[in-house]
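Worksheet: one structure, shown below.
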Amino acid sequence: MSSNQRYAIFATASLVLLLSCFFATPWPTAADNVAVPTQHNDNARTGCNSQETLLTPAALRSGHFGKLFTLKLDDSVIGQVLYVPNLTINGVADDVIFAYTGGGNGASSSLYAFSADHYHSGNYLWRLQLPDSAEWTTCAPVIDTANNIIYVLTKTGDDSGPTELHAVNLLTGDELPGSPVTIAGSVPGTGAGGNGKVVNFDTARENCRPALLLLNGIVYAAFSHATDIPPYHGWIFGYQYGGGQFTQTGIFCSTPNGGDGGIWQSGNGLVADNDGNIYCSTGNGSFDADTVGGANYGMCYLKLSTPSLSVEDWFSPYDEQTDSFADLDLGGAGPVGISNTDRIFAGGTKFGSAFLLNTADMGGFTLGGPDRVLNRINGISGVNVVGQNPVSWDRGPVKYLYVWPAGSSLQQFRYVTAGGRIGPNAAYKENSWTDGGQLSVSSNGQADGILWAECYSCVIRAFDANDVSKPVLWDSNMDPARDGIPSVGHWQFITVANGRVYVPTGNGRICVYGLLPVAADKPETTRASDSTKVVSAFVGLGGTQP
């Protein structure tokens, strides 16, 4: 090779590296991994699997899509079914789904591993029985695929604690050495429930609501109130597992000199970018961040650095005080990162607004308004509506954002990268139903987009993700005897992976949908078997049928 050829190759590689840095995105994307190791697919919480090649709009219209089988568990799935392909468990390579159950009031709580496709059997691959979970502990687990660890958080059902973080071997269901760790800590402050000098984490008054976040080897758990009775605060804890033990890496309290400000987000997980920053929303509570030395962040969107969990930037709307006094939380839903941008879409809120924020300048607080944000969109929902977590789909220069609050139309917003904002007319609405629901997206890259909704009216619907105002592609009421679901659980999310749609329901079932055989038999209902290995967290607690 000549020196000129070597120089040309070097120059080309340098240009590619320079352009990749210039156009770098802060948000991780689902396309990085076909696994679903965390709630809503990735740490941006897009809710999108962009590598789905089997499920297309045409396939759903064909009439050969429906329920394949149902799994029965000991209680309702908390958060979301997680999915990891090509694991070897009990000597057999398989695609595997994981589900954590618990409903409080002394009910059983378990962590399950099931074959993702072998529905003719239905026996779980392993099951770990855990302490019964408090009713409002709603956080989905998270999986470290590099180290084959699944992390899950538990709290005893009488709300007195302890609150514990578990590290479990993904392949065997065995609790790892040094697990669990009890969540505990304090921060300096004069806030409610403290002694005037420090505020202690009070497990009896706090529950972990958002899904767990795994970022750079550290698991982050966020907390809000247990029963909406003060004193309580918003908390975030970071723990790293290694060498047979957990180490606390950081702690944050949203209102150290005040009260409330819980972090709950209707079960949606903390958002993280590729630069190691965490984003979250807080509920009604004390706010003085706009004053010198103010450290109370009720009614805020926050940007926190890791692992220290120090506040880097924040935004609170100009009418935060009025809404806070009326218990109209900002934090009724979590934000979503918009892929290949430095934007987050946040809301809707309990006062009906949503916000487009620039993560490089969150916006602070403007007394009397207007808010210093890219977009404030009012009227997303009615007042005091919760559970409307947004999702997003990256179509290159155009990004679509979706949200469906109960009592309102399904809404789709069009974000154009060139303008950096949501245009005033860039919305589609589906006006046939107003039952609302939790959303997920599947696509084959920028094509074949499907928006999936687990509606609060116990219906599963699939829409054309390019335009949700078009006729529905499919819904479970088209053949309710075959495809219907029995109930809808609290803050549950759909998982789409490898041609399957996993829908957790409110009565201890996972309904699994996919492409049907040409001559479809009735769906098989399976039940976890007594004969399969049961792993117990307690000495003397044997395997029982779920």
Side-chain angles (χ1 to χ4, degrees), residues 33-39 41 49 51-55 65-101 108-130 140-145 148-150 152 168-174 440 442 482-483 485 492-505 508-517 520-535 543-546:
N33 194 339
V34 294
V36 184
T38 192
Q39 183 263 340
N41 297 71
N49 172 10
Q51 296 190 67
E52 178 53 58
T53 59
L54 298 176
L55 300 180
F65 177 85
K67 189 190 294 182
L68 299 173
F69 60 100
T70 298
L71 296 171
K72 293 183 179 180
L73 300 86
D74 59 357
D75 207 331
S76 296
V77 173
I78 291 179
Q80 183 167 346
V81 174
L82 304 181
Y83 174 96
V84 181
N86 196 30
L87 288 178
T88 299
I89 297 180
N90 299 329
V92 178
D94 206 347
D95 298 336
V96 182
I97 59 172
F98 299 87
Y100 168 46
T101 67
S108 299
S109 184
S110 299
L111 185 62
Y112 288 92
F114 286 100
S115 168
D117 301 304
H118 296 168
Y119 58 89
H120 60 276
S121 169
N123 294 338
Y124 46 72
L125 303 175
W126 56 254
R127 174 189 176 201
L128 173 65
Q129 292 180 314
L130 294 163
V142 67
I143 295 174
D144 179 351
T145 55
N148 287 328
I149 300 174
I150 182 168
V152 62
V168 177
N169 187 313
L170 197 66
L171 304 180
T172 66
D174 295 322
S440 295
S442 66
R482 182 190 67 195
D483 297 335
I485 61 173
Q492 293 178 324
F493 307 90
I494 291 175
T495 299
V496 184
N498 195 31
R500 298 283 191 265
V501 180
Y502 302 92
V503 181
T505 70
R509 286 165 173 76
I510 301 172
C511 296
V512 184
Y513 298 81
L515 299 178
L516 299 166
D521 296 325
K522 290 183 178 180
E524 180 181 351
T525 298
T526 59
R527 190 174 184 88
S529 169
D530 286 340
S531 62
T532 309
K533 172 188 176 185
V534 175
V535 186
T544 58
Q545 192 176 55

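Everything numeric here is computed off the predicted structure, so don't read it as measured data.
By the 4.5 Å heavy-atom criterion applied to side chains, V84 and N148 are not counted as neighbours. The shortest distance between side-chain heavy atoms of L515 and L55 falls below 4.5 Å. Y112 is not listed as a side-chain neighbour of V77, based on a closest heavy-atom distance of 4.5 Å or more. Between L73 and S110, every side-chain heavy-atom pair lies at or beyond the 4.5 Å cut-off. The shortest distance between side-chain heavy atoms of N49 and V36 does not fall below 4.5 Å. The shortest side-chain heavy-atom distance between P85 and D95 falls under the 4.5 Å cut-off. Counting heavy atoms from C-beta on, the side chains of N498 and Y83 come closer than 4.5 Å.
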Q | Q129 vs D74, side-chain contact (heavy atoms from CB on, under 4.5 Å): CA-CA, chis, key distance, verdict | A | CA-CA 10 Å; Q129 292 180 314; D74 59 357; 5.9 Å; no

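Only one option out of D483, V512, V503 pairs with K67 in a side chain to side chain contact (heavy atoms under 4.5 Å, CB included); it is D483.
A donor-acceptor distance shorter than 3.5 angstrom exists from the side chain of E52 to the backbone of L54, with no hydrogens or angles considered.
Note that CD1 of I485 and CD1 of I510 are 13.0 Å apart. Values are rounded to the nearest 0.5 Å. Taking CD1 of I143 as the reference point, atom CD1 of I150 lies at 4.0 Å (rounded to 0.5 Å). Between C511 atom SG and Y502 atom OH the span is 13.0 Å, to the nearest 0.5 Å. The OG atom of S109 lies 9.0 Å from the CG atom of L128; values are rounded to the nearest 0.5 Å. Of the inter-residue distances, the one linking Y513 atom OH with L68 atom CG reads 10.0 Å to the nearest 0.5 angstrom.
R500 and A116 make their closest contact through NE-O, 4.3 Å (heavy atoms, listed as atom of the first residue, atom of the second, distance). Across every non-hydrogen atom of A140 and Q39, the tightest pair is CB-CB, 4.1 Å. Of all heavy-atom pairs spanning F114 and L71, the tightest one is CG-CD1, 3.8 Å. Counting all heavy atoms, side chain and backbone alike, I89 lies closest to L170 at CD1-O, 4.0 Å. In this structure, P37 and L82 approach most closely via the heavy-atom pair O-CD1, 3.6 Å. For the pair L171 and N169, the tightest heavy-atom approach, listed with the atom from each and the gap, is N-OD1, 2.8 Å.
Residues satisfying the side chain to side chain donor-acceptor pair (under 3.5 Å) test with D94, not counting sequence neighbours, are S115, H118. Residues forming a ring-ring contact (aromatic ring centres under 6.0 Å, His included) with Y100 (at least two apart in sequence, or on another chain): none. For A113, the side-chain contact (heavy atoms from CB on, under 4.5 Å) partners two or more places apart in sequence, or in a different chain, are V96, F98, L125, W126. With sequence neighbours excluded, the residues that form a side chain to side chain donor-acceptor pair (under 3.5 Å) with T495 are Q80.
Under the 3.5 Å distance criterion, with hydrogens and angles disregarded, no donor-acceptor pair is assigned to the side chains of R509 and T70.
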